[in-house]
Amino acid sequence: MKRVALLSDVHANPLALEAVWADAVAQGVERFICLGDIVDIGPEPSATVAQIKERCEGVIGGNHDALDEAPTLPFLADIERWTREQLAPADMAWLEALPGTLRVDLEGHDLLCVHGSPVSDTEEINAATDEATLTRWLDEHPCELLVAGHTHVQLLRRVGHRTVVNVGSVGMPFASPAAAGPPVVMPWAEYAIISSRAAASSISVDLRRVAYDHDAFAKRTLASGMPHAEAFLSHFHPR
């Protein structure tokens with residue numbers, strides 16, 4: 001059996017990322033793919049980039065990674081500006097050069113990895129996405145599995161003979177879609193493991209949730225110098 005871990009929306013939270021590495025390795029994972037939003041809206045961008053560069057064989061960019069979104073809320077603009085100041089020029093150049101999509105072969109199974117959707121890094125794949133839209137995307141971008149992030153909410157859907165997966169968020173998993181109101185962030189990390197058996201021509205998806213030391217994360221956030229750190233932490237659901 002071959003296993004690949006797919007993770008997304010780390011948002012500069014290396015403590016959550018370390019919990020994902022440990023859990024995935026314990027499950028026998030040897031390959032890691034990152035679906036973007038590595039930095040921004042989080043306290044440790046430089047350390048997060050270093051971990052992703054070291055561990056992931058494939059990385060795509062998310063809408064936050066170019067750090068050029070011109071946020072409409074002042075506190076988000078402050079965090080984005082601060083994030084740019086924390087990153088070395090080489091790391092900024094690496095983030096800006098990341099591709100928007102990636103194809104992964106898992107023992108003959110074709111995975112198309114995107115951040116938002118096959119057509120946009122800001123378009124969502126969620127429970128409300130109509131099947132006609134998903135079918136059109138899958139017809140225009142043929143694959144066996146379409147794997148995305150961006151929404152911070154995990155999802156597994158079948159569309160005919162094909163599968164759509166949203167891996168959730170490592171650094172800031174939401175209790176419900178953000179469109180429902182200000183996000184409530186759950187104090188765990190989320191990601192997915194996709195496994196295949198070549199002999200049986202089968203594939204499986206495991207949406208995983210991993211605990212980490214949220215008290216330590218809060219202390220590191222407050223010590224990081226990130227603007228509006230207390231307001232940021234107030235969105236996390238109490239354990």
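FYI, the numbering just counts along the sequence from 1.
Formation of a donor-acceptor pair under 3.5 Å by the Gln154 side chain with backbone atoms of Arg208 is found in this model. Looking only at distances, no side-chain donor or acceptor of Asp23 sits under 3.5 Å from a matching main-chain atom of Val20. Distance alone, capped at 3.5 Å, is enough to place a donor-acceptor pair between the Arg157 side chain and the Thr129 backbone. Listed for the Ser117 side chain is no donor-acceptor partner under 3.5 Å among the backbone atoms of Glu124. A donor-acceptor contact shorter than 3.5 Å links the side chain of Tyr191 to the backbone of Ala24.
Arg136 has its side chain within reach of Thr133: a pair of non-hydrogen atoms, C-beta onward, lies under 4.5 Å apart. Side-chain contact between Val104 and Val147 is absent, with no heavy-atom pair separated by less than 4.5 Å. The closest side-chain heavy-atom distance from Leu7 to Val167 is not below 4.5 Å.
At a threshold of 4.0 Å, the pair Asp91-Lys53 counts as salt-bridged, since one of the basic side-chain nitrogens sits closer than that to a carboxylate oxygen. A salt bridge does not link Glu107 with Lys2: none of the charged nitrogens is closer than 4.0 Å to a carboxylate oxygen. In summary, Asp78 and Arg81 engage in a salt bridge, as defined by a charged side-chain N under 4.0 Å from a carboxylate O.
A continuous path of hydrophobic side-chain contacts links Leu106 to Leu102 [ILVMFWY only; heavy atoms under 4.5 Å]. In terms of hydrophobic clustering, with Ile, Leu, Val, Met, Phe, Trp and Tyr side chains grouped at heavy-atom distances under 4.5 Å, Val25 and Leu15 are assigned to different clusters. Under the 4.5 Å side-chain heavy-atom criterion for Ile, Leu, Val, Met, Phe, Trp and Tyr, Trp188 and Val170 are members of distinct hydrophobic clusters. Residue Phe174 is grouped with residue Leu76 when hydrophobic side chains (ILVMFWY) are merged at heavy-atom distances under 4.5 angstrom, including chains of intermediate members. Under the 4.5 Å side-chain contact rule for hydrophobic residues, Val114 and Leu145 do not share a cluster.
Looking only at atom types and distance, the side chain of Gln86 has no donor-acceptor partner in the side chain of Glu44 under 3.5 Å away. Side-chain contact check for Asp40 and His11: no donor-acceptor pair (N or O, by modelled atom type) lies under 3.5 Å. A donor atom on one side chain and an acceptor atom on the other are found under 3.5 Å apart for His115 and Asp37. Side chains of Thr151 and Asn166: a donor-acceptor N/O pair is present below 3.5 angstrom, by distance only. For the residue pair His150 / Asp121, no side-chain donor-acceptor distance below 3.5 Å is found, with atom types taken as modelled. Using a 3.5 Å distance cut-off with no hydrogens or angles, the side chains of Glu96 and Trp94 do not pair a donor with an acceptor.
Heavy-atom neighbours of Glu85 CD from other residues, nucleotides or ligands within 6.0 Å: above the threshold of 12. Around the CD atom of Glu30, the shell of radius 6.0 Å holds no more than 12 heavy atoms that belong to other residues, nucleotides or ligands.
What you find for His64 and Val39 is that their closest heavy atoms are CB-O, 3.8 Å. The minimum heavy-atom distance between His235 and Pro183, with the atom names listed, is ND1-O, 3.2 Å. Listed here is the closest heavy atom pair of Cys113 and Leu6: SG-CD2, 3.6 Å. For Trp82 against Gly42, the heavy-atom pair with the smallest separation is CZ3-O, 3.6 Å. Minimum heavy-atom separation, His152 to Glu190: O-OE1, 4.1 Å.
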Legend entry - Steps toward side-chain contact (heavy atoms from CB on, under 4.5 Å) verdict (Asp139, Arg162): CA-CA 10 Å; Asp139 288 344; Arg162 297 165 292 192; 3.1 Å; yes
Legend entry - Derivation of the side-chain contact (heavy atoms from CB on, under 4.5 Å) call for Arg3 and Asp206: CA-CA 10 Å; Arg3 293 184 172 98; Asp206 182 10; over 6 Å; no
Inset, instruction - Could you give me the CA-CA distance, side-chain angles and deciding distance for Leu17 and Arg55, then say whether side-chain contact (heavy atoms from CB on, under 4.5 Å) is met? - result: CA-CA 11 Å; Leu17 194 53; Arg55 300 296 293 268; over 6 Å; no
Legend entry - Leu155/Val153 under side-chain contact (heavy atoms from CB on, under 4.5 Å): CA gap, chis, key distance, verdict: CA-CA 7 Å; Leu155 176 76; Val153 178; over 6 Å; no
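To the nearest 0.5 Å, atom CD1 of residue Ile193 and atom CG of residue Leu207 are 10.0 Å apart.
Between Phe232 and Phe236, the ring-plane angle classifies as perpendicular under the 30° and 60° cut-offs.
Each of Leu146, Leu138, Leu134 was scored for a side chain to side chain contact (heavy atoms under 4.5 Å, CB included) with Pro118, with one residue passing: Leu146.
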